[in-house]
Amino acid sequence: MQPSANPEFLRRAIALATENVVSGAGGPFGAVIVRDGCIVGEGVNTVTAVHDPTAHGEVNAIRAAAKALGVFSLAGCQLYTSCEPCPMCLAAAYWARIDAIYYGASAADAARAGFDDAFLYSEFRKDQVERKLPATQLLGDEAWSSFAAWIASPNKIAY
């Protein structure tokens with residue numbers, strides 16, 4: 001069962017996004033991770049500030065929450081984000097095992113402001129050979145050795 005949304009957490013994410021722009025620190029995206037009614041992680045878009053194309057608000061909030069809680073699974077947590085997550089951030093929320101996502105602005109709103117993820121969604125629907133970014137498998141048999149080591153390892157932590 002999905003927990004009920006608390007608009008105050010979304011207001012915090014929106015305030016973080018706005019403060020990020022006004023301060024000149026980065027893009028208009030902010031996010032908070034909530035667990036048991038408390039914020040356990042916050043993040044803003046720092047792509048240009050830290051020269052990291054993956055430093056989106058949601059990813060930064062996920063990293064902050066995981067570090068604060070000392071876990072790699074954020075099951076039991078909710079993501080509140082100022083804007084509908086891009087494909088990368090949505091995938092990160094799935095990997096983090098987030099229970100629910102609540103967002104303010106839509107992807108269409110982001111596109112109107114110059115942040116258009118439609119290209120990415122279009123690319124993901126294409127067969128791999130039709131995508132603009134070529135991807136070619138090499139050394140598949142040799143690469144399997146990493147998985148074989150994982151399967152045989154008594155020290156692995158499944159995720």
Side-chain angles (χ1 to χ4, degrees), residues 1-23 25-126 128 131 133 135 146-147 150-151 153-159:
M1 182 173 140
Q2 183 172 316
S4 60
N6 182 334
E8 291 310 309
F9 294 129
L10 186 52
R11 286 187 179 100
R12 175 64 183 156
I14 294 166
L16 287 169
T18 304
E19 290 167 16
N20 202 46
V21 172
V22 171
S23 72
F29 303 96
V32 299
I33 305 291
V34 175
R35 182 175 177 183
D36 298 327
C38 297
I39 294 175
V40 295
E42 295 185 338
V44 294
N45 179 289
T46 57
V47 168
T48 57
V50 300
H51 310 289
D52 179 354
T54 69
H56 289 200
E58 297 92 335
V59 171
N60 286 337
I62 287 168
R63 289 174 179 159
K67 184 175 182 178
L69 296 173
V71 298
F72 58 83
S73 171
L74 295 178
C77 295
Q78 302 82 45
L79 167 63
Y80 288 81
T81 179
S82 62
C83 184
E84 184 176 355
C86 74
M88 177 183 69
C89 293
L90 181 60
Y94 272 98
W95 276 115
R97 310 297 192 258
I98 297 286
D99 286 3
I101 299 171
Y102 304 102
Y103 63 91
S106 69
D109 294 330
R112 281 195 352 243
F115 300 92
D116 193 355
D117 299 330
F119 167 75
L120 296 173
Y121 285 111
S122 172
E123 283 291 291
F124 295 156
R125 284 190 293 273
K126 294 178 183 177
Q128 191 175 31
R131 295 178 186 161
L133 179 60
S146 300
F147 291 115
W150 171 260
I151 291 167
S153 174
N155 302 318
K156 67 180 167 251
I157 299 172
Y159 62 96

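Each residue takes its place number in the sequence, starting with 1. Basis for what follows: all heavy atoms, side chains included, without hydrogens, waters or symmetry-related copies. The shown structure was predicted, so the numbers you read here are calculated from the model rather than taken from an experiment.
- Counting heavy atoms from C-beta outward, Asn60 and Thr46 have side chains that approach closer than 4.5 Å.
- If you take CG on Leu16 and CZ on Arg11, they are separated by 14.5 Å, rounding to the nearest 0.5 Å.
- In this structure, the side chain of Arg97 engages the main chain of Tyr159 through a donor-acceptor pair within 3.5 Å.
- The two residues Ile33 and Ala61 make their nearest non-hydrogen contact at CG1-O, 3.5 Å.
- In plain terms, the two heavy atoms of Leu79 and Ala31 that are nearest each other are CD1-CB, 3.9 Å.
- Taking CD1 from Ile14 and CZ from Phe9, the interatomic distance works out to 13.5 Å, rounded to the nearest 0.5 Å.
- Remark: the backbone N or O of Gly27 is paired with a side-chain donor or acceptor of Asn20 at under 3.5 angstrom.
- Counting only heavy atoms from C-beta outward, the side chains of Ile62 and Trp95 never approach each other to under 4.5 Å.
- One N or O on the side chain of Arg131 and one on the backbone of Glu123 form a donor-acceptor pair closer than 3.5 Å.
- For the pair Cys89 and Val59, the tightest heavy-atom approach, listed with the atom from each and the gap, is SG-CG2, 4.0 Å.
- Judged by distance alone, the side chain of Asn45 and the main-chain N or O of Pro28 form no donor-acceptor pair under 3.5 Å.
- Contact record, Gly76 with Arg35: O-CG, 3.8 Å, taken as the closest heavy-atom pair.
- Applying the side chain to side chain contact (heavy atoms under 4.5 Å, CB included) test to Tyr94 and every residue at least two apart in sequence or in another chain returns Leu90.
- Side-chain contact between His56 and Phe29 is absent, with no heavy-atom pair separated by less than 4.5 Å.
- Contact record, Cys83 with Ser106: SG-O, 3.7 Å, taken as the closest heavy-atom pair.
- Listed for the Ser82 side chain is a donor-acceptor partner under 3.5 Å among the backbone atoms of Gly30.
- Side-chain atoms of Tyr80 and Ile39, non-hydrogen and from C-beta on, never get closer than 4.5 Å to each other.
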For residues 111-118, please give each side-chain donor-acceptor pair under 3.5 Å, one per line with the distance, not counting sequence neighbours.
residue, atom, partner, partner atom, Å
Arg112, NH1, Asp109, OD1, 3.1
Asp116, OD1, Ala118, N, 3.0

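- Under the 4.5 Å side-chain criterion, counting only non-hydrogen atoms from C-beta, Glu58 is not in contact with Ile98.
- Between Ala55 and Val50, the shortest heavy-atom distance links the atoms CB-CG2, 3.9 Å.
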